[in-house]
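These numbers come from a predicted model, not from an experiment.
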Amino acid sequence: MIKKIFIKVNSALFFILLFTFLFTKTNYSYFFSFYPAENAESKVIVITGDSYAGYLAGFECYKDYNFLIYADAGKSTKENFDMMKEAVNAYPDTVIISLGVNDHNKHEKPEDFSNRIEELILMCKENQKRVILHTYMIYDDDEFDGAKSIYTVVDYDNELKRLGKKYSNTFYIDMSDYNNEIFWQEDRIHYNKIFYDELYSRISTALMLF
């Protein structure tokens, strides 16, 4: 009985502190929000990245996990790096890094992309946090103006795979079987809810495996 009361009081204090932070933090320029789970006492997970992170949180909220999201659409990991470092330093012990399009479209070197993700992983490892990565997905790059990238989408995905194998606190989710335009949204850049429902399912399984 006492334990149940403690859990309820602890949860209430947690959410009071969280929402106080959400509504008083006014200097951020990226999207920062809290998406609750169906059960308010569920695990809190950080999701960070670009618009892919935003869609993951938006499509899959109100289910099994509370999502604390740090995301900025249309930005590369270079542009979002300070935000992503802030995200991995937040209190939850599980971080999902969800990325697509922007590093490839902005011609960021895959090795620089990889170095930034590796730094985030090492920050998490130092603090006993888990990291989940997923496939860097194909998209219709004809939707963007400018010169074609000298790199391929696969170059970035290979770096994520490598990091997933290298670090024990990191899990790479293979979504290559959904790497198909039939799962694209109308803009031919982002993926639809069918894709994200499956990604969420695989994330849930990953959380039970490591």
Any donor-acceptor pair under 3.5 Å from [X] side chain to [Y] backbone:
| X | Y | value |
| --- | --- | --- |
| S42 | Y65 | no |
| N102 | D50 | no |
| N127 | M123 | yes |
| H104 | S149 | no |
| D112 | E108 | no |
| N115 | E118 | no |
| N179 | M137 | no |
| R130 | L207 | yes |
| T48 | A87 | no |
| K106 | G74 | yes |

If I take atom CG from residue N89 and atom CD from residue E126, how far apart are they, to the nearest 0.5 angstrom?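 Reported to 0.5 Å precision, the distance equals 9.0 Å.
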Who passes salt bridge (charged side-chain N to carboxylate O under 4.0 Å, His left out) against [X], sequence neighbours left out?
| X | answer |
| --- | --- |
| E143 | none |
| K129 | none |
| R188 | D140, E181 |
| D64 | none |

Q) In terms of heavy-atom contacts, does NZ of K43 have more than 12 from other residues, nucleotides or ligands at under 6.0 Å? A)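 For K43, atom NZ is crowded (more than 12 foreign heavy atoms under 6.0 Å).
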More than 12 heavy atoms from other groups under 6.0 Å of CD on E111
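Enclosed: over 12 neighbouring heavy atoms sit under 6.0 Å from CD of E111.
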Any luck finding a side-chain donor-acceptor pair between [X] and [Y] under 3.5 Å?
| X | Y | answer |
| --- | --- | --- |
| S76 | D103 | no |
| K109 | S114 | no |
| E60 | Y55 | no |
| E198 | Y191 | no |
| T152 | D155 | yes |

**Asked** Is any side-chain heavy atom of P92 closer than 4.5 Å to a side-chain heavy atom of I45?
**Response**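 When only atoms from C-beta onward are counted, I45 and P92 do not touch, as no gap falls below 4.5 Å.
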Q. Which residues satisfy the side-chain contact (heavy atoms from CB on, under 4.5 Å) test with S176, sequence neighbours excluded?
A.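 Expected list: D174.
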Q) What residues, two or more places apart in sequence or in another chain, satisfy side-chain contact (heavy atoms from CB on, under 4.5 Å) together with D187? A)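 Q185, I189, H190.
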message: Is the distance between the ring centroids of Y156 and Y136 under 6.0 Å?
response: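 Ring-ring flag for Y136/Y156: true, centres closer than 6.0 Å.
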Kindly say whether the aromatic ring centers of F67 and Y35 come within a distance under 6.0 Å.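 No.
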_Does this structure show an ion pair linking K63 with D197, if we count only N-O contacts that are shorter than 4.0 Å?_
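Yes, K63 and D197 are salt-bridged.
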Less than 4.0 angstrom from a charged side-chain N to a carboxylate O is my criterion; do K148 and D142 meet it?
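Salt bridge between K148 and D142, a charged N being under 4.0 Å from a carboxylate O: yes.
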Co-membership, hydrophobic cluster, residues V131 and M208, 4.5 Å side-chain: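 No: no chain of side-chain contacts under 4.5 Å links V131 to M208.
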